[in-house]
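The structure appears below as structure tokens.
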Number of protein chains: 2
Amino acid sequence: MARSSTRPTSRDVAQAAGVSQAAVSLVLGDKWRGRVSETTAERVREAARDLGYRPNLAARNLRLGRTRTVLLVVPALTTEFFAGVYTGAARVAAAHGFGVVLYPSPEGIGPARDPFASAQAALDGVIASSMAADALTAIRGDQLPLVMLDSDPTGSLGAATVNLDIADGVRQVTTHLLGLGHRRILHLAADVPSWTFEVRARELAAHMATTPGTEIRTARAPISIDGALTATEAALTAPGPRPTAVVCDDDKLAAGAYKALRRLGLRIPDDISVTGLDDLALATAIDPELTTVRLDAELFGEHGMHALMAVLEGREPENRDIPVELVVRGSTAPPPTPA
Amino acid sequence: MARSSTRPTSRDVAQAAGVSQAAVSLVLGDKWRGRVSETTAERVREAARDLGYRPNLAARNLRLGRTRTVLLVVPALTTEFFAGVYTGAARVAAAHGFGVVLYPSPEGIGPARDPFASAQAALDGVIASSMAADALTAIRGDQLPLVMLDSDPTGSLGAATVNLDIADGVRQVTTHLLGLGHRRILHLAADVPSWTFEVRARELAAHMATTPGTEIRTARAPISIDGALTATEAALTAPGPRPTAVVCDDDKLAAGAYKALRRLGLRIPDDISVTGLDDLALATAIDPELTTVRLDAELFGEHGMHALMAVLEGREPENRDIPVELVVRGSTAPPPTPA
DNA sequence: GAGCGGAAGTTATACGTAACACTTGGAGGC
DNA sequence: GCCTCCAAGTGTTACGTATAACTTCCGCTC
């Protein structure tokens, strides 16, 4: 009968199995072939099971100087309900000096007060998306291997980058609209300083310029339905010939644009076309369903992690852009013929 | 000039400052009042700054046997884009034997392969919501302080629970609809085995029964727009008098119901009313805006964390239900008067 | 001038693990 | 009959930190 108040250690298992702590470590670490007999190994495994042994990861991490864990940094929280749960919980936790780590069951969400303080205990590398400069400085200060998602490849950080081919997506949207006959476009731009949004504006301008007689009007809005509504309404009631299509930086903005258009009495797509970018569930929830650019988020994640693994293994990561795909639905049509 | 290849330790700082490692620990741990002179303390801080010293959290955690970090377990991933990023990244990472931790910048997302394997290194407690039984068993095996969110308070787990007053929300919805004159209701239920959904069905039935001549038809659907669409269409084309209102277990189901109703040529709310539950951004993105029950997710999170803190500090957590609020929008109206 | 107490440190140790270097007891070769 | 070699382990150490216990020096009091 061992002390049951505290968690069992490998030494407790060793004692229970009548072997040394080293043997336990070998067996449970799966490094015993030819070093420990099969019968002894089984005895150790049984003892570990009986005691409910779980290795202490803090000790293991300290010993190995390595954690087999990486940090994925995302720009902001898109989840709605559990984002709120996290925010509230994290606030109280912080007040108690605690950090919070989210776990997605079975897929996935994320962690902590100060990511680099509370995470460095368990990090071999970082994947970061569209981050603030100061956070990046903190990461670099840690000298952790870093992969950037959707960031300027010419940025001076010297980190590997993995990007969605947003530029091509914008080209596809533009080609689609130009082909339908649209010439005057309202660009509903996300009011967020991020490379990925700069690309949209730049590429839209560049590709529209290839056709003569085109015109782009720009409205900026925070990424929220209400923000998009207000900005769109203002832009469309401004003087001058009305745009015949609204190109939105993402689907959420498009949902806001829908509301503004309804309020202005404009029918989609008869009076005005709308496009999004992301292909969220929202895109098919609204009426008419949204013509948008599908981003393969999973593939994106896979490529990002592959790149990080390459860096960790000393290989050169490949900087390939991930293809995207235009999905044409009911929100785009030829512009109305002028009376 | 110290060795610069490896990360500086507190001993390196001590050497640089000409003091013992213990002194460094005291100064940086802010426990030096009356034990170290102000000038020495400043010298230590300067050395730490110069070397870019960051304490090794694995070592600290090992030493303290405590991590000031808790794990928040959520039932599934609601985020769309970054959920996919996480899934893909986690898959590749797992293939390499790595775990993944998400970090929300600046608010918040979460972590890992096997939550209890990769997290126990840094956990003092757990907040879990609607979890699978096996995962719960794993948690209990860890003997970690546990708070359950939205779970059966009479469950045999002996954990503290913090719940939203979903029952009251359902009562408010029912009262609202009965007051408008609705008697035949379609309950679009989430096909997910969870206490929180059982409550909806039970409470709806109980409260409807208080008014004579009422009738509930039930349709089950997975929580997705397409699933809800199919289930709703099937339920409303079935024989018998058509329900005049659809009560949905959450907003996403309601969005699917909208599509089904449009397809059937029914106008909302003139021909049929719809209600949701959650008050997501989606609720105001669809047309007409959805009458739903607002859940204060942040407050929920705060209460969950308060409860966990109480457990950690040996206090008795209070098991209060968190109030919810009916938000009446454009999707509900009196039932059409029969011809 | 002996003794005391506090300031300003230092020394030593333990947390739990992984792995290197060593031991021991036979079996087999010549 | 002796040497070698291998299987099957064990003893020991280090990872970096926090802290309890100890030391040393000095200024004061009586």
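In what follows, every chain begins at residue 1, and chains take the letters A, B, ... in the order their sequences are listed.
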Distance check: side-chain N/O of [X] vs OP1/OP2 of [N], anything under 4.0 Å?
X     : N      : result
A:S10 : C:dG16 : no
B:S25 : D:dT17 : no
B:T9  : D:dG16 : no

Side chain of B:S20 - closest among C:dT10, C:dG9, C:dT17 =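 Among the listed nucleotides, the one closest to the side chain of B:S20 is C:dT10.
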Side-chain contact check for A:Q21: nearest option of C:dT11, C:dT17, D:dG9 is C:dT17
Ranking B:A59 and B:T40 by the position along DNA chain C of their nearest nucleotide, the one closer to 5' is B:T40
Interatomic distance, CG@A:L26 vs OG@A:S20, rounded to 0.5 Å, equals 7.5 Å
Whole-Å gap separating [atom2] ([N]) and [atom1] ([X]):
X     : N      : atom1 : atom2 : value
A:R11 : C:dG16 : CZ    : P     : 8 Å
B:L26 : C:dG9  : CG    : P     : 11 Å
B:K31 : C:dT10 : NZ    : P     : 18 Å
B:R43 : C:dG9  : CZ    : C1'   : 11 Å

Which is it for B:R45 and B:E42 under the salt bridge (Lys or Arg N to Asp or Glu O under 4.0 Å) test, yes or no, and what are the steps along the way? CA-CA 5 Å; B:R45 282 190 223 103; B:E42 184 49 35; 2.5 Å; yes
Surrounding CD of A:Q15 (heavy atoms of other residues, nucleotides or ligands, distance under 6.0 Å), is the total greater than 12? no
When we call it a touch if two heavy atoms are under 4.0 Å apart, what does B:S37 touch: a base, just sugar-phosphate, or nothing?
sugar-phosphate
What heavy-atom pair brings B:G52 and B:P8 nearest, and what distance separates the two atoms?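 For B:G52 versus B:P8, the nearest heavy atoms are O-CG, 4.1 Å.
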